Amino acid sequence: MTARLAVFGHPVGHSRSPWIHARFGRDAGIELEYSAEDVAPARFDTTIARFFAAGARGANVTVPHKAAAHALADRLDEAAAEAGAVNTFVPTDQGLLGCNTDGSGLLRDLDRLAAPVAGAHVLVLGAGGAVLGVLGPLLRRQPASIRLCNRTRARAEDAVARFAGIAAAQRVELQAATPETSRADRPFALVLNGTSASLEGTLPALAPGHYDDCELAYDLAYGSDVFTSAAVTAGARRAEDGLGMLVEQAADAFLLWFGDRPETRRVLEDLRNEIAVKDART
Ligand code: NDP
C-alpha cells in the first residue's frame, strides 16, 4: 500500500521536501506519496487530525506551525520537548508522537562540512523556532561558548533561560545579546544565521569584526546567497547554506517513519543540480 505523507506549512509552495522524500522512497524501494499542504493556522489542528484519521504514515510541519504541532502532539521526543517545537509527526498506538529533527539535521550537516563546534566560540543569529530546535544538540557538542544575538532581546533571553540547565551541565557559556550590544570580543569560529532575514533578501544587523576569525558561516536558510556572500566579504573563510540541513533533517524524519536512514550525500548533490537547472530555466 502507498504510504501517505505530507509537509504542512503556510506558505509551503517553495518546499523541497516532496522532492527529497520522493527520492528517498525511490532509493529505498518504498512506495510513497508526499505532498506539500498549505494550511492556515486556524485549520491546522483539524487538518492534522483528519490526515492521520485517514491512515497517513507521517507528516512534517514547517513555518508557522511548529509550536502548534508541539501543543497538538500526544507525546514528545526529547528534542521536541526541549525545543518547544515539532517538525515531524509519527502516528503510534499511544497517539501522535511529536519529534524534532532540525537539530540532528544541522549537526549532521556541520559534521559533513567539518565545522568547528567542540571547544569553539559560536555566534548564533536569531532566536526563533529553528534556533530553539538546534540549541540542545549544539550545546551537547560542548562549544566553549554560544552567544545568541537576536533583534528582539527578550526572545534571546527567553531562549537562554530555556537552555540554561543544559548549558550548565555541558559547561558551556550561553549568552543573550542584540545587534546593538554584541561586540567582536572573542574569536567566533562558527557563525550560524538562524534568522529568516535571507528569505526577505536582507542581512541581520551585526557590528563589524564578528567574522574576523570565522572558519565557517552557515545560513540555515537556503535559496539565497545574501548572507553567505556578505559573510565571506566580511572575512569568513567559508560559507554554506542550509540545503544540507534540509536533506539531513528529512533523512532523520524518514528514519522515524520507515526505520531506515537514507544515504544523503548523492541526494544533496542531485538536489543542488536540480535547483541549478530550474534557476537556469527561469
Ligand atoms: P521564526 O519566524 O521562528 O524566527 C525568525 C527569526 O529571524 C527571529 O529570531 C527574528 O527576530 C529573526 N529575523 C527575522 N527577520 C529579521 C531581520 N530582517 N533581521 C534580523 N533578524 C530577523 O523562523 P524559524 O526560526 O522557523 O526559521 C528561521 C530560518 O531558518 C528561516 O530562514 C528558515 O527557512 C530556516 N530553517 C531552515 C531549516 C533547514 O532545514 N535548512 C529548518 C528550519 C528553519 P525577532 O525575534 O527579532 O523577530
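Sequence positions, counted from 1, serve as the residue numbers for this chain. Note that ligands are numbered from 1 as they come in the structure, with each ligand's atoms numbered from 1 the same way. Because the structure is predicted, anything quoted here is derived from the model rather than measured.
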Show every donor-acceptor pair shorter than 3.5 Å between a side-chain atom in residues 123-131 and any protein atom, with sequence neighbours excluded, or say none if there are none.
none

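- Other members of a hydrophobic cluster containing L199 are absent, since no ILVMFWY side chain comes under 4.5 Å of it, directly or through relayed contacts.
- Scanning for ring pair (Phe, Tyr, Trp, His ring centres under 6.0 Å) contacts around Y222 gives an empty result, with sequence neighbours left out.
- A donor-acceptor contact closer than 3.5 angstrom links the side chains of T101 and N87.
- F51 and F8 have their aromatic ring centers within a separation under 6.0 angstrom.
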task: List the steps, then state whether side chain to side chain contact (heavy atoms under 4.5 Å, CB included) holds for R16 with L246.
output: CA-CA 8 Å; R16 304 284 178 189; L246 182 76; 3.7 Å; yes
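- In this structure, ligand 1 sits under 4.0 Å from heavy atoms belonging to V63, K66, D102, G126, A127, G128, G129, A130, N150, R151, T152, R155, G194, T195, S196, A197, L199, E200, T202, P204, L220, A221, Y222, G242, M245, L246, Q249.
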